[in-house]
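If you're wondering where the values come from, they're calculated on a predicted model, not measured in any experiment. Position 1 is the first residue of the sequence, and the numbers go up from there. Just so you know, ligand 1 is whichever comes first in the structure, and atom 1 is the first atom listed for that ligand. The basis for the numbers below is simple: all heavy atoms, side chains too, and nothing from hydrogens, waters or symmetry mates.
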Amino acid sequence: MTNDRRTFIKQSATVAAAVSVFPSIMNAGCIGANERITVALIGCNNQGFSNLQSFLKLPNVVCAAMCDVDRNVLEKRAAEVEKLTGKKPQLFSDFRKVLEQKDIDAVIIGTPDHWHCIPMIYAAEAGKDVYCEKPLGYTIEECNLMVKATHRYKTVVQVGQWQRSDPHWLDAVKYLHAGNLGRIRSVRAWSYVGWKRSIPVVPDEPTPNGVDYDMWLGPRPSRPFNKNRFHASFRWYWDYAGGVMADWGVHMLDYALFGMNQYVPKSISSSGGKYAFPADAMETPDTQMAIYDFGDFGVLWDHTIGINGVQFKRRPHGVAFIGEYGTLIVDRGGWEVMAETTSTSAKEGFVDLPIQKGTGKGLDLHTANFIDCIKTRNKPNCDIEIGAHIARFSHMGNIAYRLGRKIVWDGDKQEFLNDLEANALTKAEYRAPWSLPKV
Ligand SMILES: NC(=O)c1ccc[n+]([C@@H]2O[C@H](COP(=O)([O-])OP(=O)(O)OC[C@H]3O[C@@H](n4cnc5c(N)ncnc54)[C@H](O)[C@@H]3O)[C@@H](O)[C@H]2O)c1
């Protein structure tokens, strides 16, 4: 979006807000309340399309373009948009062409993790605002650069951690920040991906018709097509993503840190492995624990694949804050508090708080918040700093896992302390012609 258009939309939004308070302004011939926002989707298969569907529920949001390197996905999703809106968007296979379209105000990035940074920074450069899927960057270096680009180009960026717009999560944090649980020394965040089976090893095969696989691989190493490493299951391969830790981890760990209001760990250790399916095709661990030490409290990340687990009343994912007087548990369904009863820290009169159910509208509220922020130029609920810090945090867990030892983080220097090996894993090599954008 050009700066002129940004200013125009912001002025319209300001007038719209004033009109709702002083309706007579409307009669004074001011700009109408409903400036249209035009979006484009890059990466249309699963989450990208869910995001777009949510955007299209909003009044005055239109989708002018869709882009995917898999023609089959692109045609299928475009037909669904046409059915929904009556209009077929323009279709592209190269996101750079999308960014040349002057009428597009914002792009939604729903590509795999290794393809977030370059389109996001190019979009910011092109003056578009960005709704970018999580984890924000594929490496710590990418996250840092994406923050820099956001500031340089004054881009409104919403990261896809939609729990940040979901009221019951925020209520739970409010309760914690009021100090209700007494001192908290232990926080657990977990994801038990019970539905997931092992992925059998399969041979490489010819690239399916309609797929530009070289573009799908982009900056990552060239290799023959293998369906295991493609749509959706790319997340189990280090070349493109970071397994459950970087997938579910960013959602849950974000709230672990938000709840504690502390963000800089002192050290990280992690262990685990392919304990469930040692011989299957996944590279990332099906079982992993990571401990982040903050000096006076610790955060434990715990994931498994193929088991739902029965911890914390059969919640397969969640965050638990274990305080002196009780434990607060929050997940996508709601939050509750269970009082300590017989321990030395139990507090008289402190009783259970029954489940406070969520509305299930987190994603819709998150996309709406982004559209509002495009107009007001305010920071979205999950702005770039939040998305970057938690992506860095989960990458730290994976770096400790891959090195098989404890690593120490220097919060001032923003690097691992005297650790060339760990610092090397904060970056990636880019396959030509792609390179890390210069900001
Ligand atoms: N916020 C959430 O709750 C949530 C949930 C699921 C996934 N995600 C995130 O969304 C992202 C996508 O995950 P998914 O499961 O939808 O993946 P997916 O593999 O199903 O879809 C990704 C799509 O991007 C396309 N693509 C790849 N490279 C491209 C390029 N250079 N240009 C255009 N299109 C390209 C692929 O062809 C595919 O259609 C991931 O980063 C994931 O972590 C977020």
Side-chain angles (χ1 to χ4, degrees), residues 40-54 65-78 91-99 107-120 122-123 131-138 142-143 146 158-166 169 191 193 196 207-208 210-220 225 227-237 239-252 254 284 317 332 360 362-367 370 381-382 386-387 390-391 394-395 431 433-434:
L41 173 62
I42 302 171
C44 307
N45 197 33
N46 285 316
Q47 190 60 29
F49 193 67
S50 299
N51 296 336
L52 180 63
Q53 283 175 305
S54 173
M66 296 174 78
C67 169
D68 205 290
V69 296
D70 182 342
R71 197 81 207 167
N72 312 299
V73 168
L74 189 61
E75 294 287 357
K76 177 170 161 255
R77 293 311 197 190
L91 303 188
F92 296 88
S93 55
D94 186 329
F95 66 88
R96 292 167 295 189
K97 294 275 174 237
V98 175
L99 302 178
V107 295
I108 305 158
I109 298 182
T111 45
D113 307 9
H114 68 287
W115 258 129
H116 291 176
C117 175
I118 296 175
M120 183 264 150
Y122 285 9
Y131 184 99
C132 186
E133 261 318 326
K134 47 52 58 177
L136 183 72
Y138 167 70
E142 284 191 353
C143 293
M146 292 163 92
Q158 175 89 296
V159 183
Q161 290 153 225
W162 48 263
Q163 288 89 179
R164 280 280 180 163
S165 295
D166 209 355
W169 289 88
S191 172
V193 191
K196 174 135 182 33
T207 301
V211 175
D212 181 349
Y213 192 51
D214 192 60
M215 186 69 167
W216 189 97
L217 289 168
R220 310 306 303 137
F225 181 85
K227 71 172 186 193
N228 279 342
R229 305 168 70 97
F230 196 42
H231 294 329
S233 52
F234 67 83
R235 41 174 63 63
W236 318 125
Y237 293 87
D239 272 347
Y240 322 115
V244 183
M245 162 63 99
D247 191 19
W248 270 90
V250 290
H251 287 304
M252 299 299 115
D254 179 30
T284 56
H317 72 271
R332 286 177 172 175
L363 179 60
D364 288 345
L365 293 167
H366 206 50
T367 53
F370 176 58
N381 291 341
C382 187
I386 297 171
I390 204 63
S394 52
H395 290 320
R431 181 171 67 106
W434 300 103

Beyond-backbone contact of Ile109 with Phe95, side-chain heavy atoms, under 4.5 angstrom: no

Side chain to side chain contact (heavy atoms under 4.5 Å, CB included) evaluation trace for Trp216 with Thr207: CA-CA 11 Å; Trp216 189 97; Thr207 301; over 6 Å; no

Electrostatic pair Asp68:Arg77 at N-O distance under 4.0 angstrom: no

Partners passing side-chain contact (heavy atoms from CB on, under 4.5 Å) against Asp364 (at least two apart in sequence or in another chain): Ser54, Lys57

Under 3.5 Å donor-acceptor, Arg431 side chain and Gly218 backbone: yes

Exercise: identify the closest heavy-atom pair between Lys134 and Ala246: CE-O, 4.3 Å

Present, as a list of atom pairs with distances to 0.1 Å, all nitrogen or oxygen contacts under 3.5 Å between ligand 1 and the protein.
| residue | atom | partner | partner atom | Å |
| --- | --- | --- | --- | --- |
| ligand 1 | 1 (N) | Glu133 | OE1 | 3.0 |
| ligand 1 | 1 (N) | Gly160 | O | 2.9 |
| ligand 1 | 3 (O) | Trp162 | NE1 | 3.1 |
| ligand 1 | 3 (O) | His251 | NE2 | 3.4 |
| ligand 1 | 15 (O) | Arg235 | NH1 | 3.1 |
| ligand 1 | 15 (O) | Arg235 | NH2 | 3.1 |
| ligand 1 | 16 (O) | Gln47 | N | 2.8 |
| ligand 1 | 19 (O) | Ala232 | N | 2.8 |
| ligand 1 | 20 (O) | Asn45 | ND2 | 2.8 |
| ligand 1 | 20 (O) | Asn46 | ND2 | 2.7 |
| ligand 1 | 31 (N) | Trp115 | NE1 | 3.3 |
| ligand 1 | 37 (O) | Asp68 | OD1 | 2.6 |
| ligand 1 | 39 (O) | Asp68 | OD1 | 3.2 |
| ligand 1 | 39 (O) | Asp68 | OD2 | 2.7 |
| ligand 1 | 41 (O) | Thr111 | O | 3.4 |
| ligand 1 | 41 (O) | Asp113 | OD1 | 2.7 |
| ligand 1 | 41 (O) | His116 | NE2 | 2.9 |
| ligand 1 | 41 (O) | Lys134 | O | 3.1 |
| ligand 1 | 43 (O) | Lys134 | O | 2.8 |
| ligand 1 | 43 (O) | Lys134 | NZ | 3.1 |

